[in-house]
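Numbers for residues simply follow the sequence, beginning at 1. This structure is a prediction, so every number in the text was calculated from the model and none was measured.
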Amino acid sequence: MIRSLLLCALLSAVGVARAEVLPLDRVLERAEEGAALQANAAELRALDALKEQREAEAGWQWFGAGSTGRYRELVTDDLRDDYYGRDLALGLRHPLLGSLRRQVQAVSAVELEQERQKARRLLRLAEQRLALRSAYADWWRADQEARWCESLLPAAAVARERLARRQREGWLLPSQARLLDGQWQGLQRRCARSALLEEDTRASLAGLAGLEIAPGQWARAEPLSMQVMPVANWRQAIEGHPRLQERQDEVRHAEGNRQSPWYASVDSSFSLAQSYEDRSGASKRGDGLVASLSLSAPFDLLAYGQARGREGEARHQAAVAQLEAERQQLLQSLGQTLQSQRQAVADLEREREQLAVSEQALREQRLRAERAVSENPGEELAVELERYNTGLRLIAAWHGAWLREAALRLFVDDDQALSSLLGPQRVDWQALEAGEAAPKARSPASWSQGVYLWNSHALLQPDSRRAELGELRRAGMKRLYLGLDARQVADVPALRKQLQDTLDEAHAQGLEVALLLGDPAWLEPSGRQGLLDLIGRLQGLRFDALHLDLEVEQAGWPVPDSRLQAWLDTLGAAAGRSPWPLELSSHHRWFAEPVAGRTCVPCALPQRGVRQVNLMIYTRDPARSAELAASIARRWPALRFRLAQSVEPQLSAEESWAGASRAQLREQMERWRTRLQAVGVAGVDWQDWTHFPR
């Protein structure tokens with residue numbers, strides 16, 4: 001028993017030492033450094049050089065020719081001129097007609113190969129991400145089993161000791177005791193292998209990612225989807241798959257070569273040359289400037305042209321058929337992957353339920369044992385054994401569902417707007433501990449990243465809207481705060497049309513859009529009507545919220561209580577006019593502990609119709625911003641909070657994240673999510689999109 005207690009203490013100390021998570025995002029950032037992708041990059045550089053060669057061949061070329069010989073030239077029927085001669089010609093040549101077309105087609109063929117290589121690069125990148133995610137999941141499973149074994153090993157030692165003692169005392173049949181003892185011993189052997197397995201999977205991931213993984217680091221499970229969309233909803237994701245993109249490029253290339261012009265079979269070139277001639281016995285050298293045009297074609301030009309036309313048509317049909325065959329194959333593969341994922345989720349749900357049942361059964365057995373006059377540990381130990389086995393099966397089931405979802409992520413990783421295909425409900429893993437419950441579902445969309453777009457011209461213009469939305473999705477933005485300037489507001493009919501089109505497209509891609517308005521004049525009663533009029537002119541548009549960036553400090557510091565009241569009155573008036581939920585950006589100072597004799601802003605906001613506040617905690621110290629946001633969220637549970645951060649270069653280095661890379665911001669986002677989501681903070685918003693790293 002003393003040894004067991006010492007072992008428990010040692011395992012607890014090891015668990016405490018595991019203090020740092022290695023985020024999956026950091027591992028996935030290494031995907032582009034794989035050998036296959038490096039080879040692909042080298043091949044693209046080679047194709048760039050080859051394209052330059054083919055382009056040079058399609059333009060002007062210089063040529064030279066030289067000859068020497070003995071000539072016997074008839075001057076007249078009876079006079080022959082015998083001489084030695086040397087000839088030299090230098091000039092320029094340019095291909096024409098069919099010759100030029102073939103050279104241009106050679107350039108086009110290199111461009112097609114470049115597009116193929118780019119599509120293959122995307123495919124290799126997706127495969128590398130899958131390999132990294134799978135290796136990370138393997139490491140997580142080994143680590144979780146090792147943690148589960150921390151409580152299992154002492155329990156197994158105690159159980160085997162009880163079994164041996166009760167068998168000696170005659171309470172258990174020898175066969176029953178041997179059966180249970182063998183099962184407990186099997187768990188001990190499995191746990192003995194878990195440490196080695198954890199080291200192997202850690203080393204495998206480190207080698208694949210090219211990372212040094214410290215002994216104190218550990219893996220954290222990704223939230224998993226419980227109900228993915230049916231295969232019919234995945235059409236858009238299929239169309240963006242690299243394998244299909246490669247086939248689409250081939251169709252476009254075949255379409256360009258589908259029809260051959262009449263001159264395609266005519267080889268032709270134009271040349272301009274300077275010639276020099278030297279003869280034996282001649283006192284002078286000869287020369288000349290010659291311009292020439294050469295033409296050649298197959299004898300049966302009509303039949304040749306018809307054959308080329310049939311070839312182009314057949315190659316186009318083949319490319320279209322190959323595209324459709326690739327699409328069907330991808331759909332079939334996707335359907336099988338979806339079925340496997342659903343089965344894995346069903347297995348996961350079953351093991352979750354089984355763990356809950358086994359925990360309840362164990363509690364009941366222990367209560368019965370406490371009240372029974374005679375102790376019979378066989379049934380209790382069997383139930384406890386089943387609980388530990390179920391815990392291991394639950395870890396394996398989560399690992400299996402994770403791998404199946406990782407295969408689905410091949411279709412959605414490059415476009416975050418497609419992530420909704422994985423379904424609205426996500427489940428977080430909670431580490432299994434003695435007596436702890438299984439994983440619990442969390443509410444949909446509980447955490448998101450947003451950005452302020454004070455300059456919304458690129459987003460509203462039809463010719464740049466799609467590219468802007470794509471860039472916002474790739475940056476991981478889920479919530480957009482769309483600002484308007486005076487020039488846009490001056491033409492409300494045109495503005496409404498732009499806003500409606502933008503909202504339709506953004507909502508179709510799973511983005512939330514809040515109307516962002518902010519003018520210090522609206523804080524005063526005399527300027528308040530301007531805000532209400534603008535809200536009235538934009539009614540009917542499907543914004544998800546009205547977000548007011550009204551900083552009461554803009555009118556001067558210190559802020560008198562009368563200005564706070566005017567601020568709250570403006571918010572109340574806006575909430576009364578607005579058809580959308582009202583939100584607010586504010587400095588965090590107004591959400592500190594209330595001060596006696598001063599207006600309590602967070603107490604009054606719910607009465608004014610404000611339910612969500614973006615806390616402007618501009619500091620480069622993430623621990624400080626997280627601490628302030630967490631304490632405010634706990635202090636004012638009637639309000640919903642988000643954390644606002646700045647990337648603006650005009651602020652000081654202590655206040656702004658300017659200069660940080662997108663990868664650094666993504667990693668910090670994950671740390672904030674871990675710290676703040678549990679206390680109800682709904683996400684982080686960046687001020688603003690103009691300065692966000694691209």
ask   = Do the side-chain N and O atoms of Tyr481 and Asp685 include a donor-acceptor pair separated by under 3.5 angstrom?
value = yes
Partner set under side-chain contact (heavy atoms from CB on, under 4.5 Å) for Asp621, not counting sequence neighbours = Thr619, Ala623, Arg624
task = Test Ser448 against every option in Glu512, Arg642, Lys478, Arg479 by the side chain to side chain donor-acceptor pair (under 3.5 Å) rule and name the one that passes.
result = Arg642
query = Does Arg465 reach the main-chain N or O of Leu460 with its side chain, forming a donor-acceptor pair under 3.5 Å?
reply = yes
inquiry  = Could you check whether any side-chain N or O of Tyr388 sits under 3.5 Å from a backbone N or O of Cys149, counting only pairs where one atom can act as donor and the other as acceptor?
reply    = no
ask   = Have Thr390 and Arg387 got a donor and an acceptor in their side chains that come within less than 3.5 Å?
value = no
inquiry  = Taking side-chain contact (heavy atoms from CB on, under 4.5 Å) as the definition, give me every residue that meets it alongside Leu130, ordered by chain and number, with sequence neighbours left out.
reply    = Ser134, Ala406, Leu410
Short side-chain to backbone donor-acceptor contact, Glu405 and Gln341, under 3.5 Å = no
task = Report yes if the distance between the aromatic ring centroids of Phe591 and Trp636 is under 6.0 Å, otherwise no.
result = no
query = With a 4.5 Å limit on heavy-atom distance, are the side chains of Gln645 and Gln668 in contact?
reply = no
Minimum side-chain heavy-atom gap Phe692-Leu665 below 4.5 Å = yes
inquiry  = Quick check: do Gln185 and Arg189 have side-chain heavy atoms less than 4.5 Å from each other?
reply    = yes
task = Would you give the length of the straight line joining atom CG of Leu24 to atom CG of Leu205, rounded to the nearest 0.5 angstrom?
result = 9.0 Å
task = Applying salt bridge (Lys or Arg N to Asp or Glu O under 4.0 Å), run through Lys118 and Glu246 and close with a yes or a no.
result = CA-CA 9 Å; Lys118 290 176 182 176; Glu246 185 176 352; over 6 Å; no
inquiry  = For Arg673 and Glu670: C-alpha separation, side-chain torsions, deciding distance, then whether salt bridge (Lys or Arg N to Asp or Glu O under 4.0 Å) applies.
reply    = CA-CA 5 Å; Arg673 186 187 74 83; Glu670 183 65 19; 3.0 Å; yes
ask   = After noting the C-alpha distance and the side-chain angles of Ile213 and Gln217, does the key distance pass the side chain to side chain contact (heavy atoms under 4.5 Å, CB included) rule?
value = CA-CA 7 Å; Ile213 303 179; Gln217 291 181 305; 3.7 Å; yes
ask   = Gln144 and Trp398: side-chain donor and acceptor closer than 3.5 Å?
value = no
request  = Give a yes or no on whether Arg466 atom CZ has more than 12 heavy-atom contacts from other residues, nucleotides or ligands under 6.0 Å away.
outcome  = no
message = I'd like to know if the side chain of Glu198 reaches the main chain of Ala142, judged simply by a donor and an acceptor atom lying under 3.5 Å from each other, with no hydrogens or angles considered.
response = no
ask   = Should Arg474 and Glu471 be marked as a salt bridge (Lys or Arg N to Asp or Glu O under 4.0 Å) after you check the CA-CA gap, both sets of side-chain angles, and the distance that decides it?
value = CA-CA 5 Å; Arg474 284 188 290 275; Glu471 184 65 25; 3.4 Å; yes
request  = Answer yes or no: is there a side-chain heavy-atom contact under 4.5 Å between Glu222 and Trp429?
outcome  = no
query = Looking only at atom types and distance, does a side-chain atom of Ser456 sit under 3.5 Å from a main-chain N or O of Gly483, one as donor and one as acceptor?
reply = yes
ask   = Can you tell me how far CZ of Arg666 sits from CG of Leu28, rounded to the nearest 0.5 angstrom?
value = 8.5 Å
query = Is there a donor-acceptor pair under 3.5 Å between the side chain of Asn614 and the backbone N or O of Ser585?
reply = no
Candidate pair Arg190 and Glu145, rule salt bridge (Lys or Arg N to Asp or Glu O under 4.0 Å), full reasoning = CA-CA 9 Å; Arg190 180 170 179 175; Glu145 289 186 354; 3.2 Å; yes
query = Any chance the rings of Trp218 and Trp139 have centres within less than 6.0 Å?
reply = no
task = Decide yes or no on side chain to side chain contact (heavy atoms under 4.5 Å, CB included) for Gln687 and Val647, but give the supporting numbers first.
result = CA-CA 6 Å; Gln687 177 85 264; Val647 289; over 6 Å; no
inquiry  = Checking the side chain of Arg640 only, and the main-chain atoms of Arg611 only, is there a donor and an acceptor separated by less than 3.5 Å?
reply    = no
remark   = Output for pair (Leu392 CG, Glu351 CD), nearest 0.5 Å, gives 10.5 Å
key: Side-chain donor-acceptor contact under 3.5 Å, Arg220 with Thr674   = yes
inquiry  = Using side chain to side chain contact (heavy atoms under 4.5 Å, CB included), reason through Gln612 and Phe641 one step at a time and then give a plain yes or no.
reply    = CA-CA 6 Å; Gln612 179 164 295; Phe641 293 98; over 6 Å; no
message = Taking the side chain as everything from C-beta on, heavy atoms only, tell me whether Pro581 gets closer than 4.5 Å to Leu546.
response = no
inquiry  = Are Thr337 and Arg404 packed together at the side-chain level, in the sense that at least one heavy-atom pair is separated by less than 4.5 angstrom?
reply    = no
ask   = When rounded to the nearest 0.5 angstrom, what is the spacing between CG in Leu469 and OG1 in Thr502?
value = 7.0 Å
ask   = Got a salt bridge between Arg26 and Glu29, using NZ or NE/NH1/NH2 to carboxylate O under 4.0 Å?
value = no
ask   = So, does Asp544 use its side chain to make a donor-acceptor pair with the main chain of Val513 at under 3.5 Å?
value = yes
query = Can you tell me how far CG of Leu331 sits from CD of Glu326, rounded to the nearest 0.5 angstrom?
reply = 11.0 Å
query = Within the side chain of His399, is there an N or O that forms a donor-acceptor pair under 3.5 Å with the backbone of Ile395?
reply = no
query = Hey, does the side chain of Ser204 reach the backbone of Asp200 with a donor-acceptor pair shorter than 3.5 angstrom?
reply = no
request  = Scan side-chain atoms only and decide if Arg141 and Thr201 contain a donor-acceptor pair under the 3.5 Å cut-off.
outcome  = no
message = Taking the ring of Trp672 and the ring of Trp657, is the distance between their centroids below 6.0 Å?
response = yes
query = Leu453 versus Leu516: any side-chain heavy-atom pair under 4.5 Å?
reply = no
query = Looking at CD of Gln449 and CG of Leu472, how far apart are the two atoms once the value is rounded to the nearest 0.5 Å?
reply = 10.5 Å
Val27 side chain near Leu208 side chain, heavy-atom distance below 4.5 Å = no
